[in-house]
Amino acid sequence: MIDCKHVWDHLSDFLDDALSSETRKLVQKHLEHCEVCSAILDSTRNILILTADERVFQLPLGYSERLHARLEDEIRSYRH
Amino acid sequence: MAALLSAENPRLAPRATGTHLPMSQSPDRNVEAQVIAAILAGNTRLFHDLIRPYERTVFSMAMAFLRNPEDAEDVTQETFLKALRNLHAYRAEARFSTWLVSIALNEARSCLRRHRAVESLDASDETDSIVPELLRDWREVPSEVLERLEVRKLLRDAVTELPLIYREVFLLREFEELTISESAQALNISPASVKVRLHRARIMLQRRLAPQLRPLAPKRRRFPW
């Protein structure tokens with residue numbers, strides 16, 4: 001058995017599926033009966049999905065047009 | 001070559017501006033390699049199509065780094081210009097996306113150094129355990145909450161206010177979806193350090209955001225019986 005503090009240390013690797021099968025089993029077993037650690041895991045997973053959503057950092061208006069115009073200027077300069 | 005990039009080839013069809021494409025879902029490497037070869041052979045305009053899938057993620061990363069849209073846009077433009085100018089130096093052993101991210105990372109760091117010298121070492125690589133926000137239960141907060149401007153700001157602030165060494169790793173893994181070893185390569189640190197920093201970044205976000213996001217979860221349905 002492992003305690004809550006050890007489970008928290010493994011949280012990130014657990015989410016990345018990067019734990020050894022032995023440790024993963026221990027963490028899973030703990031999660032089955034610990035509502036606090038389960039809630040921590042669920043909230044972390046939920047928060048990661050929300051923060052990585054494309055709506056969080058929106059592109060400025062006209063961003064792509066300005067970028068490609070600058071690239072086009074550079075490309076044209078190669079031909080002269 | 002044009003057919004490779006046309007809409008008939010969904011693997012590298014030009015995408016609508018603003019479409020999110022994580023680096024892990026970047027276009028087929030073989031197709032990309034052919035496009036790069038064509039650009040180097042003189043069909044330079046294909047560069048527009050080569051970089052289209054990465055426009056959003058490079059900007060998001062720069063924005064989270066620099067916290068300012070003008071700086072982020074400058075850094076993004078410089079990144080793509082440098083990629084164009086140095087494309088001959090790209091070696092296919094690394095994914096094109098990883099190479100691009102390394103350029104973006106250097107550009108963002110230089111920009112930070114120019115603007116605020118203070119932020120360079122705003123956290124040490126601590127190894128102590130970090131305690132998450134303790135909760136008894138968690139009800140899923142749906143992504144529809146992101147329609148609200150204040151929620152987007154909440155998340156943006158939480159990411160951009162992470163200490164720099166944690167923010168870097170977090171952005172490479174969660175935004176660019178680089179692997180642990182690719183992130184380690186881009187940051188010139190060990191994979192073990194990437195894991196430690198990533199863990200701390202995630203827990204810091206959980207600690208800060210869980211109490212703020214919790215009230216946004218849909219209420220449990222109450223049955224009349």
Side-chain angles (χ1 to χ4, degrees), chain A residues 2-20 23 27 31 33-80, chain B residues 17-20 22 44-45 47-48 51-52 55-56 59-61 63-64 69-70 72-73 76-77 80-81 84-85 129-141 143 145-147 151-152 155-156 158-159 170 173-175 177 180 195 198-203 205-206 209-210 213-214:
Chain A
I2 51 174
D3 60 18
C4 294
K5 280 185 184 171
H6 281 95
V7 170
W8 304 340
D9 288 342
H10 291 309
L11 211 67
S12 188
D13 282 341
F14 184 85
L15 287 168
D16 284 341
D17 200 13
L19 290 174
S20 67
T23 313
V27 172
L31 289 170
H33 67 80
C34 179
E35 56 182 10
V36 173
C37 288
S38 295
I40 291 169
L41 180 75
D42 290 344
S43 59
T44 308
R45 190 185 281 127
N46 195 177
I47 284 164
L48 293 182
I49 291 168
L50 293 175
T51 46
D53 192 286
E54 66 177 55
R55 284 167 286 185
V56 175
F57 291 95
Q58 282 191 308
L59 295 175
L61 211 62
Y63 156 82
S64 187
E65 289 73 14
R66 287 190 293 278
L67 170 64
H68 286 279
R70 182 125 186 241
L71 289 171
E72 189 56 31
D73 285 347
E74 177 82 8
I75 291 166
R76 278 203 190 123
S77 75
Y78 295 163
R79 292 160 198 258
H80 299 296
Chain B
T17 302
T19 303
H20 179 66
T44 326
R45 285 225 160 76
F47 190 77
H48 289 291
I51 59 122
R52 247 180 252 281
E55 284 175 32
R56 171 174 281 281
F59 176 83
S60 298
M61 195 178 92
M63 180 65 192
E70 287 79 29
E73 192 164 340
T76 310
Q77 288 194 1
F80 289 121
L81 278 173
L84 173 60
R85 288 170 190 153
S129 289
I130 177 166
V131 179
E133 172 74 11
L134 303 182
L135 310 154
R136 286 243 157 256
D137 69 315
W138 180 263
R139 274 172 293 122
E140 180 87 7
V141 176
S143 64
V145 299
L146 293 169
E147 296 303 323
V151 178
R152 292 209 287 265
L155 296 167
R156 216 162 39 232
V159 172
F170 180 79
R173 286 286 289 143
E174 305 296 342
F175 283 47
E177 299 194 5
I180 295 283
K195 284 186 174 193
L198 182 64
H199 176 74
R200 296 184 71 83
R202 286 168 166 175
I203 301 292
L205 289 176
Q206 191 271 354
L209 289 170
L213 292 175
R214 199 176 190 180

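So that the names make sense, note that chain A is the first sequence line, chain B the second, and so on, each numbered from 1.
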Most contacts with chain A, counted as non-hydrogen pairs under 4.5 angstrom, among [options]:
options: B/Asp137, B/Leu209, B/Leu81; result: B/Leu81
options: B/Glu133, B/Arg214, B/Arg173; result: B/Arg173
options: B/Glu174, B/His48, B/Arg152; result: B/His48
options: B/Glu147, B/Glu140, B/Arg139, B/Met63; result: B/Glu140

I'd like to know whether B/Ile130 forms a side chain to side chain contact (heavy atoms under 4.5 Å, CB included) with B/His199, so could you lay out the CA-CA distance, the side-chain angles of the two residues, the decisive distance to 0.1 Å, and finally the verdict. CA-CA 9 Å; B/Ile130 177 166; B/His199 176 74; 4.2 Å; yes
Just verifying a value: how many Å separate A/Glu72 CD and A/Glu65 CD, rounded to the nearest 0.5 Å? 13.5 Å
With a 4.5 angstrom heavy-atom cut-off, is it the side chain or the backbone of [X] that approaches chain A, or both, or neither?
X: B/Ala201; answer: neither
X: B/Leu205; answer: both
X: B/Arg45; answer: both
X: B/Val159; answer: side chain

Engaged part of A/Ser38 at the chain B interface, taking heavy atoms whose separation is under 4.5 Å: neither
Is it the side chain or the backbone of A/Arg66 that comes within 4.5 Å of chain B heavy atoms, both, or neither? both
Side chain to side chain contact (heavy atoms under 4.5 Å, CB included), that's the test. Do A/Ile2 and A/Val7 meet it? Break it down for me. CA-CA 7 Å; A/Ile2 51 174; A/Val7 170; 3.8 Å; yes
Ranking A/Glu35, A/Lys5, A/Arg55 by heavy-atom pairs under 4.5 Å to chain B gives rank one to A/Arg55
Mind ranking A/Asp16, A/Leu11, A/Leu41 by heavy-atom pairs under 4.5 Å with chain B and telling me who comes out on top? A/Asp16
So do A/Trp8 and B/Ile203 actually touch side chain to side chain, heavy atoms under 4.5 Å? no
Counting only heavy atoms from other residues, nucleotides and ligands, does the tally under 6.0 Å from NE2 of A/His68 exceed 12? yes
Using a 3.5 Å distance criterion without hydrogens, assess whether the side chain of A/Arg70 forms a donor-acceptor pair with backbone atoms of B/Gln77. no
So, does B/Arg202 use its side chain to make a donor-acceptor pair with the main chain of B/Phe170 at under 3.5 Å? no
Using a distance-only test with no angle check, is there a side-chain donor-acceptor pair under 3.5 angstrom linking A/Asp13 and A/His10? no
